[in-house]
S.K.: 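I'd like to ask some things about the structure below.
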Amino acid sequence: KIPASRLPLWLIDSQHRTSGIKHAIEELDCEHLINYPLILTIVENKELEWEAEQFELINTTQKKVSVDLARQTLAAMFDSNPAMRLKVKNSGLLPEVQGQKLAKKMNDECPALKGLIRQPNQTAKDAPNARLTSSTFVTTLKKTLRLPGIGRIAREEDNLFDLFSNYWMALKEILPEAFADTKSYQLVRSVGCGSMHHIIGDVIDYAAKPTKNDFKKILAPIFEQYGEDFWHSSNKGGASMFTSGGNQLKLADIFREELY
């Protein structure tokens, strides 16, 4: 117990968390949070200069925590908990949940991407052939799954899987080299995943329920211009130029020009 002579203590971080719990207890009657444990660090009698140094250190060297495990948890609860399902829909997180479920199913069942998407509970050693993380896969899908045409398909989980499985199987048949040697090509990487997912909404304008062969026919003009050499990692003037999220959108726009 902290003796009275040591009080008051000053809260210098986590104001949002503590205020949120206080609000939940006092305003929302969440009494079960009264004894909820909070991890903290108490630092005694440090000077202002030390506080400034620590603040700068923490905020410039902190590591970003991956969100894919949280998405996986939400996806599991979404199926079994009606209240959670409603919360997910109301909070705008439905594309993340749909994307996480799709990432797992594509990794498990799609012949084109089987074993190529590392799941939240896996390390690089657990999935040595993986070229994408589920986090990357889902991130490239968030805007796409909000498109009206894709959204209608996404209402049925199997329909969404069939759509993307056919899409990636078509890509595999168009450019088999990129799937036979995924280490040497950028197609089954963030740049390929991002750019190709961004244009799938445009692609389905040509066919309401496209088959693999439909996708091959629709995508053919793109790969006539941007074929094997463009996607090879050694080509610094090819897909390797478009690895950032913003550049993936630019690459998608370039591909759209070939569709229309």
Side-chain angles (χ1 to χ4, degrees), residues 68 71 75 78 88-89 91-107 109-110 112-113 116-117 132-175 178-179 186-227 230-231 239 241-260:
D68 53 0
R71 286 171 175 164
F78 184 85
V88 165
K89 290 179 178 180
S91 65
L93 291 173
L94 185 58
E96 280 88 341
V97 170
Q98 291 172 326
Q100 187 64 47
K101 293 169 74 173
L102 180 62
K104 185 176 189 313
K105 196 163 186 178
M106 291 289 285
N107 183 69
E109 300 179 26
C110 175
L113 293 181
L116 296 178
I117 306 173
L132 295 161
T133 65
S134 63
S135 179
T136 297
F137 191 86
V138 176
T139 298
T140 63
L141 282 173
K142 287 196 293 185
K143 289 184 178 179
T144 300
L145 291 176
R146 288 189 170 93
L147 296 173
I150 302 292
R152 285 192 294 272
I153 295 171
R155 292 172 190 169
E156 295 293 333
E157 188 175 322
D158 288 341
N159 290 345
L160 188 65
F161 170 74
D162 289 342
L163 176 74
F164 279 88
S165 183
N166 284 335
Y167 191 57
W168 279 95
M169 284 299 297
L171 291 171
K172 183 176 182 178
E173 292 191 9
I174 293 170
L175 202 68
F179 291 82
Q186 293 290 322
L187 187 55
V188 191
R189 303 281 181 131
S190 60
V191 57
C193 194
S195 58
M196 298 312 300
H197 282 171
H198 283 310
I199 66 167
I200 192 171
D202 302 87
V203 172
I204 65 170
D205 286 343
Y206 292 87
K209 294 182 179 180
T211 63
K212 178 186 66 177
N213 289 332
D214 290 331
F215 278 132
K216 287 175 66 177
K217 183 178 179 180
I218 296 166
L219 294 169
I222 293 175
F223 287 89
E224 287 173 4
Q225 295 294 322
Y226 304 97
F230 175 79
W231 293 100
M241 294 174 57
F242 299 90
T243 54
S244 70
N247 282 336
Q248 289 167 25
L249 290 172
K250 293 177 183 178
L251 184 57
D253 287 338
I254 292 172
F255 291 160
R256 286 189 183 96
E257 293 177 5
E258 301 298 328
L259 292 175
Y260 292 104

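Heavy atoms only: backbone and side chains are in, while hydrogens, waters and symmetry mates are out.
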S.K.: Please list all pairs meeting side-chain hydrogen bond (donor to acceptor under 3.5 Å, both in side chains) that have one or both residues in residues 158-171, counting only residues at least two apart or in different chains.
M.R.: K105-D158, W168-H197
S.K.: Distance check, rounded to the nearest 0.5 Å: T136 atom OG1 versus I117 atom CD1?
M.R.: 10.0 Å
S.K.: How long is the span from the CZ atom in F78 to the CG atom in L94, to the nearest 0.5 Å?
M.R.: 5.0 Å
S.K.: Is I254 close to K250 at the side-chain level, that is, under 4.5 Å between some pair of heavy atoms?
M.R.: no
S.K.: Can you check whether I200 reaches L163 side chain to side chain, under 4.5 Å on heavy atoms?
M.R.: yes
S.K.: Considering all heavy atoms of both residues, which atom of R146 and which atom of G92 are nearest to each other, and what is their separation?
M.R.: NH2-O, 2.9 Å
S.K.: Taking all atoms of both residues into account, what is the closest heavy-atom pair of V138 and A103, and its distance?
M.R.: CG2-CB, 4.3 Å
S.K.: Can you tell me how far the CG atom of L219 sits from the CG atom of L259, to the nearest 0.5 Å?
M.R.: 7.0 Å
S.K.: Report the residues that fulfil side-chain hydrogen bond (donor to acceptor under 3.5 Å, both in side chains) with D205, sequence neighbours left out, ordered by chain and then residue number.
M.R.: none
S.K.: For W231 and R189: C-alpha separation, side-chain torsions, deciding distance, then whether side-chain contact (heavy atoms from CB on, under 4.5 Å) applies.
M.R.: CA-CA 10 Å; W231 293 100; R189 303 281 181 131; over 6 Å; no
S.K.: Any side-chain heavy atom of P148 sitting closer than 4.5 Å to one from R152?
M.R.: yes
S.K.: List the atom of H198, the atom of A252, and the distance in Å for their closest heavy-atom pair.
M.R.: CB-CB, 3.6 Å
S.K.: Going through the checks in order, is the side-chain contact (heavy atoms from CB on, under 4.5 Å) test met by L171 and F215?
M.R.: CA-CA 8 Å; L171 291 171; F215 278 132; over 6 Å; no
S.K.: So, for L175 and G227, which heavy atoms are closest and what is the spacing to 0.1 Å?
M.R.: CD1-C, 4.1 Å
S.K.: For the CZ atom of R71 and the CD atom of Q98, what is their distance to the nearest 0.5 Å?
M.R.: 12.5 Å
S.K.: Taking the side chain as every heavy atom from C-beta outward, state whether S134 and K104 have any atom pair closer than 4.5 Å.
M.R.: no
S.K.: Taking C-beta and beyond as the side chain, do L141 and F164 meet within less than 4.5 Å on heavy atoms?
M.R.: yes
S.K.: Determine whether V191 and N247 satisfy the following criterion, side-chain contact (heavy atoms from CB on, under 4.5 Å), listing intermediate values before the conclusion.
M.R.: CA-CA 8 Å; V191 57; N247 282 336; over 6 Å; no
S.K.: Any non-hydrogen side-chain atom of F137 less than 4.5 Å from a side-chain atom of L102?
M.R.: yes
S.K.: In chain order, what residues pass the ring-ring contact (aromatic ring centres under 6.0 Å, His included) check against F230, with sequence neighbours excluded?
M.R.: Y226
S.K.: Over all heavy atoms of both residues, which pair between A112 and K172 is shortest? Give the atoms and the distance, please.
M.R.: CA-CD, 3.9 Å
S.K.: Tell me whether Y206 contacts the main-chain N or O of K217 through its side chain, where contact means a donor paired with an acceptor under 3.5 Å.
M.R.: no
S.K.: Excluding sequence neighbours, so at least two apart, what forms salt bridge (charged side-chain N to carboxylate O under 4.0 Å, His left out) with E173?
M.R.: K212, K216
S.K.: Once you round to the nearest 0.5 Å, how far does SG of C193 lie from CD of Q186?
M.R.: 12.0 Å
S.K.: Is there side-chain contact between S195 and F255, with heavy atoms separated by less than 4.5 Å?
M.R.: yes
S.K.: What residues form a side-chain hydrogen bond (donor to acceptor under 3.5 Å, both in side chains) with S190, not counting sequence neighbours?
M.R.: none
S.K.: List for me each residue that meets side-chain hydrogen bond (donor to acceptor under 3.5 Å, both in side chains) alongside R256, sequence neighbours excluded, and say none if there are none.
M.R.: D202, D253
S.K.: How long is the straight-line distance from CE of M196 back to OG1 of T144, given to the nearest 0.5 Å?
M.R.: 11.0 Å
S.K.: Under a 3.5 Å distance rule, please check whether Q248 uses its side chain to pair with a backbone N or O of G192 as donor and acceptor.
M.R.: no
S.K.: Where is the tightest heavy-atom contact between L145 and P95, given as atom of each residue plus distance?
M.R.: CD1-O, 3.4 Å
S.K.: Are L116 and L132 side-chain neighbours, meaning at least one heavy-atom pair lies under 4.5 Å?
M.R.: no
